[in-house]
Structure formats: C-alpha cells, structure tokens
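Accompanying notes for the structure given below.
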Amino acid sequence: MYLNIRQKVILGFTACVLAIGFIGGFSYHYLHAIELKQHVVQIADDLREIVLEIRRYEKNYLLYGQEEDFKQNQAYTQKALEVLATIMAEVKNLKVASQMDTFKKDLIDYQGLMKQLASPGERSLADSRGLEEQLRTRGKALVDLSVQLVAFERLRILEIITTLKTQLLISVVVFLAFMGFMIYIVNRKIILPLRVIENTTKRIAQGDFKPLPVLDTRDETQRVVEAFNRMVAELERRQDQLVQGKKMSSLGVLTAGIAHQLNNPLNNISTSCQIILEELDQADLEFVRKMLTNVEQEVYRARDIVKGLLEFSRVQEFSLKLIPLEDVVKRSIRLISSQVPPGVDLVDEVPWDLILKLDAQRMQEVLLNLLMNAIQAIKESPGEIRIAAAPDPEHHEAVITIEDTGVGIPKEELDLVFDPFYTTKEVGVGTGLGLSIVYGIIEKHHGRIAVESKQGEGTRFTIRMPYNPEVKSERAAS
C-alpha cells in the first residue's frame with residue numbers, strides 16, 4: 001500500500017501528537033506520584049516530630065512521675081494516631097502502606113504499655129522495671145520506624161525522578177529521531193522535487209527542454225513531475241512552432257531582397273538569350289557556347305538562391321551532423337545580403353576547415369537573427385558587420401563572434417536581451433523573440449552565448465560551441 005504525501009504528513013503528525021500525549025501522560029503520572037510521596041514525606045516528618053515529643057514526655061514521666069507528663073504523652077500519642085488515620089487512606093495503594101500499618105500497631109502497643117505503667121496497682125519492682133524496659137524499646141522502635149518512613153519515601157522520590165529523567169531523555173532522543181525522519185521525508189518528497197522543478201523551470205526558460213526523471217513514488221510528487229514533463233513537451237512543441245513562425249516572419253522580410261537577387265540572374269539570362277537569337281545566323285559555335293555557359297551559370301545562381309530559401313523554410317527535426325561552419329555562414333550571408341544597406345560591409349572571417357556538430361537549419365536561423373539585429377542596429381553609414389570564428393583546442397570549443405558598429409545596447413539591459421518578449425527596438429519593429437530563440441538553439445547545441453556592448457560603439461555576440469580538433473585535421477588532410 002502506497003501513501004500519498006498528504007497521508008504521510010497526517011500520519012506523521014498523528015504519531016507525533018500521540019507520542020507527545022503518551023509522554024505527557026507518563027510524566028503527569030510520575031509527577032502526581034512525586035507530589036503524593038512528597039506529602040507522605042511531610043506527614044512522616046510530622047510523625048517523627050510527634051514521636052520525639054512522645055518520647056520526651058515519656059522520659060519526664062519516668063523520671064518525675066508527674067500526671068501532666070503522662071497526659072501530654074497520651075495527647076501526642078492520640079495525635080499521631082489521628083495523623084496516621086488521615087494519611088493511610090491516601091497511601092493504601094503504595095508500598096509504604098504496610099509500614100504505616102506496622103507503625104500504627106506499634107503506636108497502639110506503646111499507648112497500652114504507657115497506660116498500664118501509669119495505672120494504679122500493686123506491682124513488684126521487677127514488674128515495673130520490665131514495663132519500663134518494654135516501653136523504652138517500643139518507643140525507640142517508633143522513632144526508628146518514623147525515620148525509616150521518611151528515608152523510604154525520599155528514596156522512592158529519587159527513584160521516580162531518575163526514572164522520569166531517563167524516560168524524558170529517551171523520549172527526547174526518540175522524538176528528535178522521529179523529527180529527523182520527518183524532515184528527511186519532507187525534504188526528499190517535497191523540498192527536493194520542488195527545487196528540481198524550480199531549477200528545471202530556469203533551464204526551460206533558457207531553452208533546454210530535457211524532461212525530469214519520473215520516480216515510482218506513487219504520490220503527488222510523481223503526478224506533479226509527470227504533469228510537468230507533459231508541460232515541457234508541450235512547451236517544446238510550441239517553441240518549435242514559434243521558431244517556425246519566426247522563420248516565416250524572417251522569410252517575409254527576406255522575400256523582397258530575394259526577388260531583387262533573382263532579378264539579376266534572370267536579366268543576365270534574358271540578355272544572353274537575346275544576343276544568341278540576334279547573332280544565331282552569323283555567330284560561330286564558340287560564341288554560342290560562351291553565351292549558353294553564361295546562361296547556365298546564372299541558372300545555377302538562381303537555383304542556389306531559391307534552394308537556400310527553401311532549405312531555410314523547411315520544417316525538420318533537430319539533428320546534429322558534422323558540417324563545415326563556413327557553408328552555413330555563406331548560405332546565411334546570401335539570404336541576408338539583400339537587406340544590407342549601402343555603405344555597410346559584411347565581412348566573413350570563418351575558416352574553411354572548421355567542422356562543427358550542427359543542425360544546419362537551426363544554426364542558420366541563429367546567424368540570420370544575429371545578422372538582422374546587427375543590420376538594424378547600424379543607423380548610419382558607413383558601418384561594418386564582422387563574422388569570425390576560431391578554434392580553442394585547449395577548451396575543446398569553437399568561438400564564433402558576430403559584431404557590428406551599431407548603436408549598442410544600454411548596460412542595464414544587457415542581462416535582459418535573451419529574455420522572451422524583451423526588445424530594445426521600437427514598437428512594431430521587433431517581437432523580442434529572436435534572441436530568446438537564438439539562446440534556446442545554442443543550448444540545444446550544448447553551447448553558450450554571451451553579449452558585450454557599448455552604447456555608440458557596437459555590439460558583439462560570442463558563441464562557444466563544442467569542438468573536436470581531430471575533425472579539422474581529418475578534413476585538412478582530405
């Protein structure tokens with residue numbers, strides 16, 4: 001049977017309340033016993049004092065034979081019997097009850113001997129001395145018994161206190177162990193999963209949609225994690241839709257430029273065809289071949305432009321493959337070149353033999369986003385956008401930089417540029433999704449992206465991607 005967290009917490013607190021009640025009950029029982037025994041000790045002390053008074057008047061009577069001493073002796077003896085009658089009802093269930101009975105019998109015997117000694121009548125000297133001896137012996141026994149009563153009850157009080165201390169110590173240890181167990185359960189079942197979910201939420205915000213492992217706990221934690229993973233899967237699907245939507249938006253921006261790029265090869269093809277038609281009867285074969293070769297080159301040029309546009313717009317599953325970074329950069333530059341205003345230079349400094357594990361389509365989306373931002377940041381000519389890359393074998397990374405000479409980003413906004421829907425552009429110009437998507441794509445490549453900027457001087461984005469130096473040497477050798 002599996003208990004959910006609520007049931008476990010209720011069970012734990014119920015056990016805690018029962019334990020506290022159990023400990024409290026026992027403690028109350030012991031404290032009540034100590035209170036009763038303290039009362040018995042007080043009575044025993046009173047009895048001892050009374051017995052001492054009885055013995056004092058006994059001695060006076062035996063010495064002086066005065067009637068007043070006998071009466072005082074009998075008065076104190078009766079007082080002791082009354083005290084005993086009062087306390088015996090309270091201690092009838094205690095071990096001291098038997099000693100009280102003995103004390104009462106001895107006190108009654110003592111009282112009888114004292115009366116017998118004081119009664120008038122003819123007695124021999126030997127009989128009188130015998131009675132006196134019995135009286136002294138009984139009196140001494142009463143004193144000893146009263147002292148024993150006090151000592152016995154005080155010893156019992158000390159034993160109860162020792163037992164109570166031991167019980168409380170054991171209870172504290174058990175309680176601390178139980179609370180430690182409860183803290184462990186709460187930490188393991190509630191706090192740690194919540195912390196994992198919190199960290200995963202931050203990771204998701206950065207574009208990493210790796211699901212959480214689901215433990216077979218059969219409680220609310222498992223259901224929360226399962227629901228969280230469903231949410232993550234849905235977020236990843238929606239982000240892919242968002243990426244595709246952003247891509248379509250970029251295509252809309254690029255369409256006018258692509259049309260202009262296609263217009264040039266089409267014009268060249270048209271001009272070459274007209275020249276061939278006009279010179280067909282008189283042109284030699286070599287001239288015709290040259291014109292047709294020009295036509296073929298322009299067709300290839302137009303095909304490459306259309307192919308790049310189609311590849312960029314196609315929906316594909318995320319897949320990492322070994323691809324020359326230069327190929328992705330050149331395709332991105334071809335698509336974006338029509339958006340570059342006059343007076344702005346687009347410089348490519350990516351080595352031809354730098355091979356990285358990339359999803360070419362997603363990486364192209366990264367470069368297009370960063371290049372488009374750089375173009376929009378350069379408000380006035382002249383300007384420069386530089387794409388550079390270099391291997392860092394020591395850290396097994398490739399460092400890619402995209403920097404511009406634009407207006408820059410305010411220092412206080414640098415930490416926010418990768419947040420979703422945050423934009424420094426005017427309303428209607430940007431959605432604030434481009435850099436957020438860039439961040440997520442780089443995370444999927446197990447890379448990192450950082451930004452540096454100074455207002456009025458420009459901005460530099462630095463991307464660090466995993467890199468294997470051996471791949472470069474293999475391509476270089478080939």
Side-chain angles (χ1 to χ4, degrees), residues 203 206-210 239-240 243 246-247 250 308 311-312 316-337 340 345-375 377 384-406 409 414-415 417-418 434-454 458-478:
R203 181 163 49 81
Q206 296 172 352
D208 186 354
F209 291 95
K210 184 180 178 182
Q239 196 208 35
D240 289 340
V243 170
K246 184 69 173 63
K247 192 183 295 182
S250 298
E311 285 180 350
F312 177 64
Q316 293 180 351
E317 291 294 324
F318 186 83
S319 176
L320 294 176
K321 297 178 182 177
L322 289 171
I323 297 173
L325 178 63
E326 184 191 35
D327 294 350
V328 181
V329 172
K330 288 192 177 301
R331 282 202 301 270
S332 302
I333 290 175
R334 278 201 299 269
L335 286 173
I336 203 74
S337 58
V340 180
D345 294 329
L346 194 54
V347 181
D348 175 9
E349 295 181 348
V350 178
W352 65 273
D353 56 351
L354 185 57
I355 310 271
L356 301 178
K357 245 186 176 179
L358 304 172
D359 181 301
Q361 192 185 61
R362 263 72 172 192
M363 197 62 195
Q364 189 172 337
E365 171 75 0
V366 168
L367 294 173
L368 285 173
N369 265 303
L370 295 177
L371 289 172
M372 185 66 74
N373 286 344
I375 291 170
E384 182 180 88
I385 302 170
R386 184 180 300 274
I387 306 175
D392 183 4
E394 183 180 350
H395 297 95
H396 299 283
E397 292 178 333
V399 182
I400 307 165
T401 58
I402 298 95
E403 54 184 318
D404 62 66
T405 57
I409 302 171
L414 278 178
D415 293 335
V417 294
F418 296 111
L435 290 179
S436 174
I437 291 171
V438 165
Y439 193 98
I441 293 173
I442 297 300
E443 285 283 329
K444 273 193 171 185
H445 282 82
H446 309 293
R448 309 189 307 277
I449 183 170
V451 59
E452 302 170 66
S453 185
K454 288 186 179 179
T459 303
R460 174 193 294 146
F461 285 90
T462 303
I463 301 171
R464 294 181 177 273
M465 305 283 284
Y467 169 66
N468 184 0
E470 295 178 3
V471 176
K472 174 184 176 180
S473 59
E474 288 175 7
R475 180 170 186 192
S478 64

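Everything quoted here is computed from the prediction, not taken from an experiment.
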To check you understand the geometry: which heavy-atom pair defines the closest contact between [X] and [Y], and what is its length?
| X | Y | value |
| --- | --- | --- |
| Pro351 | Ala389 | CD-O, 3.2 Å |
| Gly458 | Ser453 | O-OG, 3.1 Å |
| Ile385 | Ala374 | CD1-CB, 3.8 Å |
| Trp352 | Pro324 | O-CB, 4.4 Å |

Applying side chain to side chain contact (heavy atoms under 4.5 Å, CB included) to Ile400 and Leu356, what does each step give before you reach the verdict? CA-CA 11 Å; Ile400 307 165; Leu356 301 178; 4.2 Å; yes

From [X] [atom1] over to [Y] [atom2], what is the distance, rounded to the nearest 0.5 angstrom?
| X | Y | atom1 | atom2 | result |
| --- | --- | --- | --- | --- |
| Leu358 | Leu325 | CG | CG | 6.5 Å |
| Ile336 | Leu367 | CD1 | CG | 10.0 Å |
| Leu354 | Asp327 | CG | CG | 11.0 Å |
| His445 | Met465 | NE2 | CE | 4.5 Å |
| Lys357 | Met363 | NZ | CE | 15.5 Å |
| Asp404 | Phe461 | CG | CZ | 8.0 Å |

Should [X] and [Y] count as side-chain neighbours, where that means a heavy-atom distance under 4.5 Å?
| X | Y | answer |
| --- | --- | --- |
| Thr401 | Ile463 | no |
| Leu371 | Ile387 | yes |
| Glu365 | Ile441 | yes |
| Met372 | Asn369 | no |

Decide side chain to side chain contact (heavy atoms under 4.5 Å, CB included) for Glu384 and Val347; before the verdict, give the C-alpha distance in whole Å, the side-chain angles of both, and the deciding distance to 0.1 Å. CA-CA 7 Å; Glu384 182 180 88; Val347 181; 3.8 Å; yes

Salt-bridge present (Glu443, Arg448; N to O < 4.0 Å): no

Under a 4.0 Å N-O cut-off, is there an ion pair linking Asp348 with Lys330? yes

Quick one, Gln364 with Arg331, criterion side chain to side chain contact (heavy atoms under 4.5 Å, CB included). Give me CA distance, side-chain angles, the key distance, then yes/no. CA-CA 8 Å; Gln364 189 172 337; Arg331 282 202 301 270; 3.7 Å; yes

Applying side chain to side chain contact (heavy atoms under 4.5 Å, CB included), run through Ile449 and Thr462 and close with a yes or a no. CA-CA 6 Å; Ile449 183 170; Thr462 303; over 6 Å; no

Pick one: which of Asp359, Val350, Ile323 meets side chain to side chain contact (heavy atoms under 4.5 Å, CB included) with Val328? Ile323

